[in-house]
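Chain identifiers are assigned alphabetically (A, B, ...) following the order of the sequence lines, protein sequences preceding nucleic acid strands; residue numbering begins at 1 within each chain.
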Amino acid sequence: MAKRPAALALSLAVPAGLLIAWFLATSLGGVKTYQLASPGDVARELGALWSNGLLWRHLAASIERVLLGFGVALAFAIVLASLVGLSRPIEAALDPTLQAIRSIPSLAWVPLLLLWLGIGENAKVTLIAIGAFFPIYVNLVAGIRNVDRKLVEVGQVLGLGRFELARRVVLPAALPSLLVGARIGLTQAWLFLVAAELLASTRGLGFMLTEGQQIARTDEILTAIVLLALCGKLSESIMRGIEARLLHWTDGLPA
Amino acid sequence: MRHAIEIDGLSKHYGPRAVLERFELFVEPGETLAILGASGCGKSTLLRCIAGLVQPDAGTIAVRDELGFVFQEPRLLPWLTVERNVAFAARSDVERARVKDVLELVGLTPAAHLLPKQLSGGMAQRAALARTLVRNPKILLLDEPLSALDALLRLELQTSLAQIVRETGSTAVLVTHDVQEALYLADRIVVLDGAPARGVLELDVPVPLRRSRTADLTDERIALLAALGIEGRVPKRSHRGLRVVAP
Ligand SMILES: Nc1ncnc2c1ncn2[C@@H]1O[C@H](COP(=O)(O)OP(=O)(O)O)[C@@H](O)[C@H]1O
Ligand SMILES: [Mg+2]
């Protein structure tokens with residue numbers, strides 16, 4: 001997305017300020033390295049990880065888990081939300097249960113997932129999927145419910161059946177809500193990734209955090225945090241790009 | 001002759017409120033019938049019953065041919081271009097092949113690839129009309145299709161509509177609150193009074209008045225306008241060409 005230069009400069013001011021403050025805090029000797037590594041330490045650590053290939057190993061592990069978990073969540077959410085949103089009987093049957101499950105803090109699933117699925121990839125991906133599922137599901141159901149009845153009537157006077165109405169009117173009209181849900185869901189996926197990797201893993205950004213803590217390396221911890229911030233920001237930008245591309249027809253954005 | 005639309009004993013209540021009560025209406029094939037009446041008197045409910053958008057409580061509705069419906073708002077699908085919005089209604093290759101023709105007919109060929117948000121109100125309503133026409137329905141139900149447009153545009157689209165109805169030989173039921181529009185487009189006018197709706201006045205528009213704007217206020221127009229002026233009350237005497245339907 002093209003931002004105007006002034007806006008871009010403004011949006012970079014706060015990160016730059018934080019960076020300077022961080023640099024000053026560590027370089028003037030106010031804060032010890034074992035409490036907070038300096039920006040230079042983090043840069044060195046990044047360089048080292050880059051050259052020994054660990055950077056990509058950790059990043060790839062985390063990205064793969066996030067994409068898998070998010071993909072599973074997206075597929076389940078689209079199917080279930082469509083069924084619930086389009087059919088009152090299915091809503092009556094499924095929605096109360098799903099709402100009840102939603103009210104469980106998602107981390108409460110962790111012990112169960114570990115017992116059921118062990119400490120392998122499946123448990124992590126499942127936890128991420130649970131975290132990403134609900135924002136997508138809730139937004140899409142609301143989107144389907146809020147589709148302009150006037151557009152539905154257009155389909156009705158043309159004699160479209162329920163299935164055709166759903167496919168050609170209701171679901172396309174609910175696309176903006178789906179994309180909003182997906183964007184929030186992807187953010188959730190990163191959140192749950194860290195939770196999953198903190199618990200049990202040998203690779204990934206969450207593993208870097210645990211390892212850094214165990215061997216008291218704040219540079220490694222901060223490197224992981226910086227990478228997580230970059231990944232989160234990048235996925236948000238990608239999702240917004242997809243939204244802008246798919247939703248050019250909405251009134252809010254210029255053609 | 002069989003009627004294009006036959007409505008008999010039609011009743012529709014919303015809660016305790018009767019909007020239509022044993023309502024009766026016959027529409028001849030090929031005629032343009034205008035329905036006039038104050039806002040809220042049940043005109044839309046009537047059309048929606050005919051189109052099957054509203055389930056009546058009682059009565060029979062017989063429609064002899066395929067229906068096309070034009071709403072007051074264009075109701076275009078915002079994610080489709082004009083051309084795709086029109087093609088949305090097409091069911092067969094024959095109808096898909098007509099898309100270009102109807103766009104031409106409503107004068108939207110240059111706008112075929114625009115999105116609804118890029119259209120003016122008049123263009124959007126033309127697109128909606130084209131979407132209805134692509135199926136070549138023999139009966140058009142038009143629920144105040146021009147009411148949302150400003151005056152000049154309304155005149156322009158009235159002319160287009162008259163031409164389209166003539167060229168397609170359709171039967172049309174036009175709901176409007178614009179007396180001049182009714183006189184210009186219709187062969188026959190029924191004036192409804194509300195709650196529950198009933199015809200209070202019926203007028204065969206004299207042939208010289210149809211599709212003509214130049215005619216000045218002749219007796220019939222004055223009579224009709226006067227009748228409408230007496231807020232919902234039925235005129236005591238019958239004028240020439242003006243008869244009281246349900247005194
Ligand atoms: N879905 C509905 N629920 C309840 N009341 C309705 C509904 N649709 C219409 N009405 C009422 O029925 C009456 C007739 O409405 P309508 O047919 O839209 O009138 P018109 O088109 O002549 O302005 C109005 O009083 C309106 O409030
Ligand atoms: Mg109305």
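At a threshold of 4.0 Å, the pair B:K100-B:E104 does not count as salt-bridged, since none of the basic side-chain nitrogens sits closer than that to a carboxylate oxygen. Using a cut-off of 4.0 Å between Lys/Arg side-chain N and Asp/Glu carboxylate O, A:R145 and A:E91 are scored as salt-bridged. For B:E28 and B:R188, the salt-bridge test fails: no basic side-chain N is under 4.0 Å from an acidic carboxylate O.
Applying the 6.0 Å contact sphere to CZ of B:R22 captures no more than 12 heavy atoms from other residues, nucleotides or ligands. Other residues, nucleotides and ligands contribute only 12 or fewer heavy atoms inside 6.0 Å of the CG atom of B:L152.
For chain A, the nearby part of B:R48 is the side chain; its heavy atoms alone come within less than 4.5 Å. In this structure, no portion of B:E66 lies under 4.5 Å from any heavy atom of chain A. For B:L76, the part lying near chain A is the backbone, with the side chain staying farther off; criterion is any non-hydrogen pair under 4.5 Å. B:F88 touches chain A through backbone and side chain together, each having a heavy atom under 4.5 Å away.
B:A62 is linked by a side-chain contact (heavy atoms from CB on, under 4.5 Å) to B:E6, B:R64, counting only residues two or more places apart in sequence or in another chain.
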Could you please spell out the steps behind the side-chain contact (heavy atoms from CB on, under 4.5 Å) verdict for B:L129 and B:V102?
CA-CA 9 Å; B:L129 190 60; B:V102 290; over 6 Å; no

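Between the side chains of A:R102 and A:Q99, at least one donor N or O sits under 3.5 Å from an acceptor N or O.
When each of B:A89, B:P78, B:A128 is checked for heavy-atom pairs under 4.5 Å with chain A, B:P78 comes out on top.
Inspection of non-hydrogen atoms places A:V154, A:Q156, A:V157, A:L158, A:L160, A:R168, A:V169, A:P172, A:A173 of residues 154-174 of chain A under 4.5 Å from chain B.
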